[in-house]
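Here is the structure we will look at.
For the numbers below, each heavy atom of this structure counts, side chains included, while hydrogens, waters and symmetry mates do not. Just so we're on the same page: letters track the sequence lines, and every chain starts at 1. Keep in mind the model is a prediction, meaning the values are calculated, not measured.
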Protein chains: 2
Amino acid sequence: MTESGAIHARIRRDIEARIMSGEWAPGTRIPYEHQLMATYGCSRMTVNRALRMLMEAGLIESRRRAGTFVSHPRVQRAALEIPDIRDEVAGQGESYRLDLDRREIRVASEEDKRLLQIDGGSVLALECRHHAGGRAYALERRLINLAAVPEAAEVDFAVEPPGSWLLSHVPWTEAEHRITAFNAGGKELVALGISAGAACMALERWTWRGEERITYARQVYPGDRYALVARFRP
Amino acid sequence: MTESGAIHARIRRDIEARIMSGEWAPGTRIPYEHQLMATYGCSRMTVNRALRMLMEAGLIESRRRAGTFVSHPRVQRAALEIPDIRDEVAGQGESYRLDLDRREIRVASEEDKRLLQIDGGSVLALECRHHAGGRAYALERRLINLAAVPEAAEVDFAVEPPGSWLLSHVPWTEAEHRITAFNAGGKELVALGISAGAACMALERWTWRGEERITYARQVYPGDRYALVARFRP
DNA sequence: CTTCCATTAATGTATATACATAATTGAGTC
DNA sequence: GACTCAATTATGTATATACATTAATGGAAG
């Protein structure tokens, strides 16, 4: 089969290829570890390591005594990577600019409490516009829970976009996204330079660390200028 | 620290907890394998196994001779899971219904060739509407490359939605998504029962197996009724 | 034929050991 | 001080071995 690299990597690739090509269909029993050992002339630990990686990837599953099988009713869900806005603009070869329109540290309002699921404490509220090549690209409103990320109060978000800073400084364990389409109203018209009723895309994101909500963001993009695009490998 | 299960799992959990809590910040060198060996009273292979899993998860990275370090989470990009429409409707406790408006096997047109990146051959073209609780939920147009998935020609897509069938029968290696917002025009008005100019969301998806494109789909959702929502754990 | 149970064969985990590989360290040289 | 190069050291891979765990198997008992 393949040639390069470590034995376990080769075993892994060979099996993966046979599954992807359809040669080993879902439900098929793949060779026992002993057989693979003989085939590749290596120890069982090495075979086992290759199989374990494939298991973690969800390609196969095994039952003691019975053997290892190609997993079949894989509820494969496609996934979309949501890029960091600054990276995205840079990736398109455009110049990036950030306008910080508002920055406020305040005691959490009722809406803040609802969005961040907190009882009180202070939040950092930001409003900014992202520009690509001089044109308005996106409008962003963000709340940061200062109880969870106190160091955010010291950061100059006129220089580093809040999303970029948070992604690279704060480990998160869970996120929820919500994408909607709506007809532009008052606020967006001026900020994005679009006409009333134009279709816009709103991307909302809540981010958790453990049980605690770290941040809420709502980004609005003009529909005629923007497409959320992403490649994904399962 | 923790108690249950295999030693490697315990080591893994302990380290993960210290990283997530912030005790070991990005860039911190974690103990050498020899030290962890001593701490847990186990062999180096066992420590190594725990560390390898954390590496695959992207939490740590290691450099020979230097040691193993907590990763800077810069590579972390949020991701959005795109659910299967039928599952999504079922998950909301609504009844699901599919209307297959058009099914055609044809020699690839110029547009088909462009969307599927093929030179010729035949394609299966489908147009359908997904309903939730009796109301129109989404409009779908789909192309399937019959050279890649010949068995699709035999499937009754009036019973099983094409997306569901493909997800569970055809292994794919890569997908590209594109989400846009636009103002509804001719076609959508009747099919979705919305008024002219209403904001809609379009979700396009291309799916590959290796170098070959398997399918193209474009789903249109009414903006006022639909939000693409997903939770994600890195 | 069915139930029960011991056998057996597969995976799961862990160990002790070995050598390979890469990069830092530090000694020796210019 | 700057450069070279060998020693050192931590990770990377692989082996041979051992025992634990689980469940399919097949034979004995009812």
Side-chain angles (χ1 to χ4, degrees), chain A residues 1-19 24-74, chain B residues 1-19 24-73 75:
Chain A
M1 308 282 154
T2 338
E3 267 303 314
S4 81
I7 304 178
H8 67 81
R10 202 174 110 212
I11 300 177
R12 198 203 138 123
R13 271 198 308 275
D14 288 353
I15 295 176
E16 192 170 342
R18 285 208 244 235
I19 294 173
W24 288 347
T28 308
R29 212 205 71 236
I30 75 172
Y32 296 126
E33 294 188 355
H34 287 102
Q35 301 175 310
L36 289 169
M37 231 173 116
T39 304
Y40 288 92
C42 66
S43 75
R44 210 190 115 212
M45 278 297 288
T46 304
V47 169
N48 188 263
R49 177 169 171 183
L51 295 186
R52 250 189 292 117
M53 288 192 289
L54 288 166
M55 267 178 256
E56 274 160 33
L59 271 175
I60 60 178
E61 31 196 273
S62 58
R63 297 203 317 276
R64 278 172 149 139
R65 168 71 217 241
T68 304
F69 303 81
V70 179
S71 21
H72 99 293
R74 289 177 61 193
Chain B
M1 308 283 153
T2 337
E3 266 304 313
S4 80
I7 304 177
H8 66 81
R10 202 173 111 213
I11 300 177
R12 199 204 136 121
R13 270 198 309 273
D14 288 353
I15 294 176
E16 192 170 342
R18 284 207 242 234
I19 293 174
W24 288 348
T28 308
R29 210 204 74 237
I30 75 172
Y32 296 125
E33 295 188 355
H34 286 101
Q35 301 176 308
L36 290 168
M37 231 173 115
T39 305
Y40 288 93
C42 65
S43 74
R44 210 191 115 210
M45 277 298 286
T46 304
V47 169
N48 188 263
R49 177 170 170 182
L51 296 185
R52 249 188 295 117
M53 287 191 290
L54 289 165
M55 266 178 256
E56 274 160 34
L59 272 174
I60 60 177
E61 28 195 276
S62 59
R63 296 203 317 276
R64 279 174 148 132
R65 166 73 216 241
T68 303
F69 302 82
V70 179
S71 301
H72 289 275
V75 193

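Separating the CE atom of B:Met45 from the C1' atom of D:dA16 is a distance of 12 Å, rounded to the nearest angstrom. Rounded to whole Å, atom P of D:dA10 lies 12 Å from atom CE of B:Met37. Atom C1' of nucleotide C:dA20 and atom CD1 of A:Ile7 are separated by 13 Å, given to the nearest angstrom. Summarising the geometry, the separation between CG on B:Leu54 and P on D:dT11 is reported as 14 Å, rounded to the nearest angstrom. Remark: C1' of C:dT24 and CZ of B:Arg29 are 13 Å apart, rounded to the nearest angstrom. When the C1' atom of C:dT13 is taken as reference, atom OH of B:Tyr40 falls 17 Å away, rounded to whole Å.
The side chain to side chain contact (heavy atoms under 4.5 Å, CB included) search around B:Arg29 returns B:Tyr32, B:Gln35, B:Phe69, not counting sequence neighbours. With sequence neighbours excluded, the residues forming a side chain to side chain contact (heavy atoms under 4.5 Å, CB included) with A:Thr28 are A:Trp24, A:Ala25, A:Val70, listed by chain and number. In this structure, the side-chain hydrogen bond (donor to acceptor under 3.5 Å, both in side chains) partners of B:Thr46, at least two apart in sequence or on a different chain, are B:Ser43.
Not one side-chain nitrogen or oxygen of B:Thr46 sits closer than 4.0 Å to the OP1 or OP2 atom of C:dT13. At C:dT17, none of the side-chain N or O atoms of B:Ser43 fall inside 4.0 Å of OP1 or OP2 (strictly under the cut-off).
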So which protein N/O to nucleotides 9-12 of chain C N/O distances come out below 3.5 Å?
residue: C:dT11; atom: OP1; partner: A:Glu33; partner atom: N; Å: 3.2
residue: C:dT11; atom: OP2; partner: A:Glu33; partner atom: N; Å: 3.3
residue: C:dT11; atom: O3'; partner: A:Ser62; partner atom: OG; Å: 3.3
residue: C:dT11; atom: O2; partner: A:Arg64; partner atom: NE; Å: 3.4
residue: C:dG12; atom: OP1; partner: A:Ser62; partner atom: OG; Å: 2.8
residue: C:dG12; atom: O4'; partner: A:Arg64; partner atom: NH2; Å: 2.7
residue: C:dG12; atom: N7; partner: A:Arg44; partner atom: NH2; Å: 2.7
residue: C:dG12; atom: O6; partner: A:Arg44; partner atom: NH1; Å: 3.4

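The closest side-chain heavy-atom distance from A:Ile11 to A:Thr39 is not below 4.5 Å.
Using modelled atom types, no side-chain atom of A:Thr68 and backbone atom of A:Glu61 make a donor-acceptor pair closer than 3.5 Å.
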Name every donor-acceptor pair, under 3.5 Å, that has one atom in a side chain of residues 47-55 of chain B and the other anywhere in the protein, sequence neighbours excluded.
residue: B:Asn48; atom: OD1; partner: B:Arg52; partner atom: NE; Å: 3.1
residue: B:Asn48; atom: ND2; partner: B:Glu33; partner atom: OE2; Å: 3.0

